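The block underneath contains the structure these notes are about, expressed in structure tokens.
Just so it is clear, the structure is predicted and the values come from calculations on it, not from any experiment. Note on naming: letters A, B, ... go to the chains in the order of the sequence lines (proteins, then strands), and numbering restarts at 1 for each one.
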Number of protein chains: 2
Amino acid sequence: MAEASADRGRTTRQRLLGAAAALIAEVGWGGVSTRMVAERAGVAPGVVHYHFASLPDLLITASTGVARAMLEELTGRLAEQPDPETGVEWLLGELSRYTGTDPASLLIVEMYLAAARLPELRDLLHEIVADSRTQIASWLRDRGHAGDTEATAAVLVAAVDGLVLHRGLDPGLDLTALAGPLRAMVRTDGHEEGSET
Amino acid sequence: MAEASADRGRTTRQRLLGAAAALIAEVGWGGVSTRMVAERAGVAPGVVHYHFASLPDLLITASTGVARAMLEELTGRLAEQPDPETGVEWLLGELSRYTGTDPASLLIVEMYLAAARLPELRDLLHEIVADSRTQIASWLRDRGHAGDTEATAAVLVAAVDGLVLHRGLDPGLDLTALAGPLRAMVRTDGHEEGSET
DNA sequence: GATCGACTTGGACGACTGCCCAGAAGCCTA
DNA sequence: TAGGCTTCTGGGCAGTCGTCCAAGTCGATC
């Protein structure tokens, strides 16, 4: 059933996805055109609409793949840390690799933004973020965090995204100096949460 | 010296800025065109380039004005809260008014994103965010927060931006349920920060 | 009323866009 | 080798874009 043909198509499709992801990070969701993607992938302009129904279709497929891989790797390795306080310190060190203006950071922010206007993308991204949140919450619970682990995980993920955002404004922002407040949040001897008000 | 003429010009300029801010929130930084702005402002297409050197020039001027007003109002009213723990609860209630996909939320995210690629905008936005951070830090210090107030303020502002981002993905996210972790972070009896490691 | 400068108008320019499609090329089965 | 299917090519379409500019309108000054 046309195996080599299908293979040829698959690699072209993959090249298009890679080129699209790179371009989204470079020039933004709104700055990517079909011709730019085709040129970077080394194919004719028309081939984009052979493999994808439309430009948004291509961009959604390209960026969700990258985002899922990034977030899953980050939360997976966070869960390997022995305890929450060590975990957030490791996390800040890891985040320090992102400048806020590098392709990976920009791709994430671009996605959040595009998601606000594209319901299809929003649902996909929401699923990815919710998965991370659940995974972190259960890791906190396993490690003896006494408070509301769901809420703590939600704030932690939000803080991470916010810090990536702020690094874009101030590349000199020292993330490792922020360990104190985050440690206070994930500390295992919570003596109030979940029982007051 | 043509006072009424100058006045006429000023109102047109202001109308252009208002129309631009609204459009950025609606269709995104990359989706705004000179013709759209002119039409919404009720003027001829060419008038945009009479008042502004270029389209980016107009967009930068429009969005920084709105962002400064928003952030200054939020941090100003936060600083009026009696103590940090009450403060973060008030803050979460305030943030609940934003759906994450409303014009105000989108304008903020759009700005962060555009700032990553426009140095001029980045510097302006950095200044605004740094001001808020300083103000919150000194408020924490005045209210007896024992830890690293600079770091706590930085994480707090980051968490706020991150939560606005996440509300865009999940409008059902209950922000008030996240008070616990944030209270733990700003609690005034910090018994470790600033002295370990 | 004449004159001047600030402001506005709306059409024009070339460049770029997403999408389309007829035809060519490649590969597989028979 | 012949036929058929998948994939690729590159030009074409109608539309929008940012920017520009000659001509026009307006209010203030003399």
Just how far, in rounded Å, is [atom2] of [N] from [atom1] of [X]?
X       : N      : atom1 : atom2 : value
B:Glu39 : D:dC17 : CD    : P     : 10 Å
A:His51 : D:dT6  : NE2   : C1'   : 9 Å
A:Leu16 : D:dT9  : CG    : P     : 10 Å
A:Tyr50 : D:dT7  : OH    : P     : 4 Å

Quiz item: At under 4.0 Å between heavy atoms, what does B:Val32 touch on the DNA or RNA strands: base, sugar-phosphate, or nothing?
Solution: sugar-phosphate
Exercise. Looking at every strand, decide which applies to B:Val48 at a 4.0 Å heavy-atom threshold: base, sugar-phosphate, or nothing.
Key: nothing
Identify all side-chain donor-acceptor contacts of residues 109-119 of chain A below 3.5 Å with residues at least two apart in sequence or on another chain.
from     : atom 1 : to       : atom 2 : distance (Å)
A:Glu110 : OE1    : A:Trp29  : N      : 3.1
A:Glu110 : OE2    : B:Arg117 : NH1    : 2.8
A:Glu110 : OE2    : B:Arg117 : NH2    : 3.1
A:Tyr112 : OH     : A:Asp161 : OD2    : 2.5
A:Tyr112 : OH     : B:His166 : NE2    : 3.1
A:Arg117 : NE     : B:Glu26  : O      : 3.2
A:Arg117 : NH1    : B:Glu110 : OE2    : 2.8
A:Arg117 : NH2    : B:Ile24  : O      : 3.4
A:Arg117 : NH2    : B:Ala25  : O      : 3.1
A:Arg117 : NH2    : B:Glu110 : OE2    : 3.2

Quiz item: Among residues 52-64 of chain B, which residues get a heavy atom nearer than 4.0 Å to DNA chain D?
Solution: B:Ser54, B:Leu55
Quiz item: Is B:Thr12 near enough to C:dT8 that one of its side-chain N or O atoms lies under 4.0 angstrom from OP1 or OP2?
Solution: yes
Exercise. Give a yes/no on whether any side-chain N or O of B:His49 is located under 4.0 angstrom from OP1 or OP2 of D:dC20.
Key: no
Practice problem: Report the residues that fulfil side-chain contact (heavy atoms from CB on, under 4.5 Å) with B:Asp57, sequence neighbours left out, ordered by chain and then residue number. | Solution: B:Phe52, B:Ala53, B:Ser54, B:Thr61
Residues forming a salt bridge (charged side-chain N to carboxylate O under 4.0 Å, His left out) with [X], sequence neighbours excluded:
X        : value
A:Glu73  : A:Arg77
B:Arg141 : B:Glu150
A:Glu72  : A:Arg68

Practice problem: Would you kindly say whether B:His51 and B:Thr12 are connected by a side-chain donor-acceptor distance under 3.5 Å? | Solution: no
Self-check item: Inter- and intrachain pairs under ring-ring contact (aromatic ring centres under 6.0 Å, His included), touching residues 74-93 of chain A, at least two apart
Solution: none
Quiz item: Under the side-chain hydrogen bond (donor to acceptor under 3.5 Å, both in side chains) test, which residues partner A:Thr101, sequence neighbours left out?
Solution: A:Thr99
Report, one pair per line, the protein and nucleotides 11-13 of chain D atoms (nitrogen or oxygen only) whose separation is under 3.5 Å.
from   : atom 1 : to      : atom 2 : distance (Å)
D:dG12 : O6     : A:Arg35 : NH2    : 3.1

Quiz prompt | Nearest heavy-atom neighbours spanning A:Tyr98 and A:Ser105 | solution = CB-OG, 3.4 Å
Exercise. Could you pick out which residue, B:Gly31 or A:Gly42, lies toward the 5' side of DNA chain D when each is mapped onto its nearest nucleotide?
Key: A:Gly42
Practice problem: Could you check which of C:dT8, D:dT19, C:dG18 has an atom nearest any side-chain atom of B:Thr34? | Solution: D:dT19
Exercise. Can you figure out which of D:dG10, C:dT9, C:dG18 approaches the side chain of A:Ser33 most closely?
Key: C:dG18
